[in-house]
Amino acid sequence: MKCNRLVDAGRRQFLRGGLAGAAGAAAATVMSTQQAKAQGLARVEYPPNRLANIADLVENEPLDITYPDDESPGVLLKLGTAVPGGVGPDGDIVAFSTLCPHKGWYLSYNAGDRTLNCPGHYSRFDCEAGGQQTWGHATQNLPQFELSVDSAGDIHAHGVDELLYGRLSNVL
Ligand code: FES
């Protein structure tokens, strides 16, 4: 008899645990929805800023810039072929943050395969594919700066498509 009561108590405990688990799963669903909304907010517009002129660029040679402020280093690149996010007459001018999204090491450009590479833990980002991570420890693609070119050939940045390293949100 005593043994049966223990079994019943065990069943009740199990059911309570199951209900708690279901409630936890529902909460997790809400969390992921909120996270998805938060991710949508990663793409923001910053005040436009002139980075350089087309005449300043040499094909496949990075030009150092900062955007949206002096604490955010990046590179401006003329890749020679049209690429995602590319602007200018050839659709080949892009700009990226050079702070690794993993732990903020400074990235260096490899002209051979047109990637930005991290000396910290070896993450690699494809400049011809919108900064897509192709290797390493980072958990997001490289922030790409949104650009436009005016009639004088000046290149302006307007926004960023991923969260910049070290920032809780893409705000100034
Ligand atoms: Fe770049 Fe870790 S800091 S991969």
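The chain is numbered in sequence order, starting from 1. Both counts, for ligands and for their atoms, begin at 1 and track the order of listing.
- With a cut-off of 2.8 Å, atom 2 (Fe) of ligand 1 has no N, O or S atom of H137 in range.
- In this model, a donor atom of one side chain and an acceptor atom of the other lie less than 3.5 Å apart for S148 and H158.
- Among the atoms of H121, none of the N, O or S atoms falls under 2.8 Å from atom 1 (Fe) of ligand 1.
- Among all heavy-atom pairs drawn from L147 and L76, the shortest one is CD1-CD1, 3.9 Å.
- Those atoms of ligand 1 with a heavy atom of K103 less than 4.0 angstrom away are 3 (S).
- Shortest distance from atom 2 (Fe) of ligand 1 to H102 is reached at ND1 (N/O/S atoms only).
- Within 6.0 Å of CD in E59 there are more than 12 heavy atoms belonging to other residues, nucleotides or ligands.
- The minimum heavy-atom distance between P68 and L164, with the atom names listed, is CD-CD1, 3.7 Å.
- In this structure, atom 4 (S) of ligand 1 lies nearest to the protein heavy atom S123 OG, 3.2 Å.
- Side chains of N117 and N110: no donor on one and acceptor on the other come within 3.5 Å.
- Among the backbone and side-chain atoms of C118, an N, O or S atom lies under 2.8 Å from atom 1 (Fe) of ligand 1.
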